[in-house]
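Quick note on labels: first sequence line is chain A, next is B, and so on, each numbered from 1.
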2 protein chains.
Amino acid sequence: MTSVDAFDLKILSALQDDGRLTNQELAELAGLSASQCSRRRMRLEEERVIAGYHADLSSEALGFGVIAFIQVGLATHSPDNSKRFRALVGRIDEIQEAYSLTGDADYVLKAVLRDLKGLSNLVNDVLMPHQSVAHVRSSIVLDRLKESSRLPLKELKAG
Amino acid sequence: MTSVDAFDLKILSALQDDGRLTNQELAELAGLSASQCSRRRMRLEEERVIAGYHADLSSEALGFGVIAFIQVGLATHSPDNSKRFRALVGRIDEIQEAYSLTGDADYVLKAVLRDLKGLSNLVNDVLMPHQSVAHVRSSIVLDRLKESSRLPLKELKAG
DNA sequence: GTCCCGTTTGCACGCTCCTTGCGCGCCCAA
DNA sequence: TTGGGCGCGCAAGGAGCGTGCAAACGGGAC
């Protein structure tokens, strides 16, 4: 069973802020010994509470100037069509996130691109012509107020 | 100057897939020696091409069952009001991402919550009553096709 | 072609860090 | 009170890290 106590929460919280933390640094933050942190960390990885570790790269430094949200409506809602669309989305590296939502649009995609030409290419040459897709509407990100993937672990201590 | 060559790209690509890679593992993947990988990695961290390392936690395992996109319109577009709203967004841990977009809504937020009660609380008790906010429309994520924050580095090799 | 200089590389070494075995203390049930 | 199970810290062996150093590479100047 996956039970997570207060020590685990401290470890998880610290690691989602800095995934390269040493077990000894972790130990200080959590109030445990390094060896125990190592054991707990390994258990959390084993149980897939920690799904992985990733370097966070600077999109600016690497020349990705455009983030866009793309709302996509499918041509039909058949399982086959849906499957085709999912395969397409999975294949395109520029698409970081893809969700189906309640509300108007069938799907919302978040894409990262070098420039507007890249977005145009994605929308007009890849998404639009695909047989599964009926209509596409894209919005460009003007300003990024906040971007992370941290879970609000503080909520768990209380509840 | 921030120049990134093919070796750096291999290193960056490997590290955004697995941020815990050893310099020796990196060395094998990139075709370099471990010490050289260490040096390059340190340079990339120094130049903030690598912005950080983060553990990727399982929202399912930790009981976060609801992801929502929230479209927010501000009451006025004065600099003061915008500033207040940004401060609010920065303060709320449940909001992972926040952008201002072209198109209808002023802002789009992505929030992670334990359940619909959490969403209701965020929308009705936190966002709606805030003086900077005029109207709020939320969409709940039904299915997550894809979720990562990997940059499409492959594009850089060619261009 | 040749020389020179700056850059990048691989190797070696000292140091830190990781992980596993071990023994101890705590808690709960009998 | 006693016994078993669990979680802890400590210590040691082994792996990994980063710096110093010398060699190889590459590009200009002549």
Round to the nearest Å and state the distance from [X] atom [atom1] to [N] atom [atom2].
X	N	atom1	atom2	result
Leu32(B)	dG10(C)	CG	C1'	10 Å
Glu45(A)	dT19(C)	CD	P	8 Å
Asp5(B)	dT7(C)	CG	C1'	12 Å
Arg43(B)	dT7(C)	CZ	C1'	12 Å
Leu21(B)	dA15(D)	CG	P	19 Å
Arg39(B)	dT19(D)	CZ	P	9 Å
Met42(B)	dG20(D)	CE	C1'	13 Å
Glu28(B)	dG16(D)	CD	C1'	14 Å

Checking only heavy atoms, does the side chain of Ser35(B) share a donor-acceptor pair with the base of dC11(C) at less than 3.5 Å?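 It does, because a donor-acceptor pair links the side chain of Ser35(B) to the base of dC11(C) below 3.5 Å.
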Starting at OG of Ser38(A), measure out to CD of Gln36(A) and round the result to the nearest 0.5 Å.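 It is 9.0 Å, given to the nearest 0.5 Å.
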Cation over ring, Arg144(B) on Tyr99(A), under 6.0 Å and within 45°?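 Negative - Arg144(B) is either too far from the ring of Tyr99(A) or too far off its axis.
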Can a side chain N or O of Ser38(A) be found less than 4.0 Å away from OP1 or OP2 on dC18(C)?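 Indeed not, no polar side-chain atom of Ser38(A) lies that close.
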Please classify the nucleic acid contact of Arg20(B) as base, sugar-phosphate, or nothing, using heavy-atom distances under 4.0 Å.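 Result for Arg20(B) = nothing.
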Thr22(B) near the nucleic acid: base, sugar-phosphate alone, or nothing, with a heavy-atom cut-off under 4.0 Å?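 Contact class for Thr22(B): sugar-phosphate only.
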Before accepting this row, confirm whether a basic side-chain N of the pair Lys110(B)/Glu147(B) lies closer than 4.0 Å to the acidic partner's carboxylate O.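 So Lys110(B) pairs with Glu147(B) through a salt bridge.
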Other than Met42(A), what residues sit in its cluster of Ile, Leu, Val, Met, Phe, Trp and Tyr side chains whose heavy atoms are under 4.5 Å apart, directly or through others?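 Once heavy-atom contacts under 4.5 Å are chained together, Met42(A) still belongs with nothing else.
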State which of dG10(C), dC8(D), dC17(D) makes the closest approach to the side chain of Asn23(B).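 Of all the options, the side chain of Asn23(B) is nearest to dC17(D).
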